[in-house]
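Worth saying up front: this structure is predicted, and the values here are computed from it rather than measured.
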Amino acid sequence: VDWFEDKICYMKEIELFKHIKDCIGMFVPDSTYSNYVSLIIGYDLAKDNILLEGFSEWLAFKYKLPTNFAFSQQIKYYLFKKDFTKTLTKEDEMLLIHCLYEKLVEFWEENNKI
């Protein structure tokens with residue numbers, strides 16, 4: 001029963017984060033990547049840190065990303081390697097938000113969380 005409940009939990013999170021991503025202005029101040037990341041981290045904290053456990057390590061291993069970066073910076077590096085420190089446009093912010101969502105879903109699927 002616990003395994004089944006865990007699967008349902010992650011499926012709910014996927015739908016929730018998809019809805020937030022698709023309606024970003026309703027949930028995230030200024031629709032910024034950093035505020036989206038803050039929302040996800042806060043949600044993870046409320047869930048006893050189970051959603052993001054191992055995510056940064058997985059990103060580093062799977063995509064050859066720096067291991068000393070937080071997952072939010074890894075996603076930024078993944079998309080903008082050479083322009084990692086550039087000032088983000090609104091389009092860049094949305095690219096990062098979509099990429100983070102996709103990588104979270106991929107992580108949960110590969111780790112049999114959904």
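A donor-acceptor contact closer than 3.5 angstrom is absent between the side chains of Lys76 and Tyr33. With no hydrogens or angles considered, a side-chain donor-acceptor pair links Glu13 and Tyr43 at under 3.5 Å.
A distance of 14.5 Å separates NZ in Lys103 from CZ in Phe71, rounded to the nearest 0.5 Å. Taken to the nearest 0.5 Å, the CE atom of Met94 stands 5.5 Å off from the CD1 atom of Ile24. One finds the NZ atom of Lys18 at 8.5 Å from the SG atom of Cys23 (value rounded to the nearest 0.5 Å). Put simply, NE2 on His98 and CG on Leu95 are 8.0 Å apart, with the number rounded to the nearest 0.5 Å. For the atom pair Leu52 CG and Leu104 CG, the distance stands at 6.0 Å (nearest 0.5 Å). Between the CG atom of Leu88 and the CG atom of Leu79 there is a distance of 10.0 Å, given to the nearest 0.5 Å.
In this structure, Asp44 contributes its side chain and Ile41 its backbone to no donor-acceptor pair below 3.5 Å. Side-chain atoms of Trp58 never come within 3.5 Å of backbone atoms of Asn111 as a donor-acceptor pair (strictly under, hydrogens ignored). Here the side chain of Asn35 pairs no donor or acceptor atom with the backbone of Val28 at under 3.5 angstrom. A donor-acceptor contact shorter than 3.5 Å links the side chain of Gln74 to the backbone of Pro66.
Side-chain contact between Ile75 and Phe69 is absent, with no heavy-atom pair separated by less than 4.5 Å. For the pair Ser31/Lys90, a side-chain contact is recorded, criterion being any heavy-atom separation below 4.5 Å from C-beta on. In this structure, His19 and Leu16 have side chains that are not in contact, with every pair of non-hydrogen atoms separated by 4.5 Å or more. Inter-residue side-chain proximity for Ile40 and Leu100 is flagged as met; some heavy-atom pair is nearer than 4.5 Å.
The salt bridge (Lys or Arg N to Asp or Glu O under 4.0 Å) check on Lys62 picks up Glu106, Glu110, with sequence neighbours excluded. Legend: residues meeting ring-ring contact (aromatic ring centres under 6.0 Å, His included) with Phe61, ordered by chain and number and at least two apart, are absent.
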Should Ile97 and Tyr101 be marked as a side chain to side chain contact (heavy atoms under 4.5 Å, CB included) after you check the CA-CA gap, both sets of side-chain angles, and the distance that decides it?
-> CA-CA 6 Å; Ile97 289 167; Tyr101 171 78; 5.8 Å; no
Taking it one step at a time, do Leu59 and Tyr78 satisfy side chain to side chain contact (heavy atoms under 4.5 Å, CB included)?
-> CA-CA 9 Å; Leu59 283 170; Tyr78 174 78; over 6 Å; no
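For the pair Lys86 and Phe80, the cation-pi test (distance below 6.0 Å, angle within 45°) is passed.
More than 12 heavy atoms of other residues, nucleotides or ligands sit less than 6.0 Å from atom CG of Asn68.
Ring pair Phe27/Tyr36: centre-to-centre distance not below 6.0 Å.
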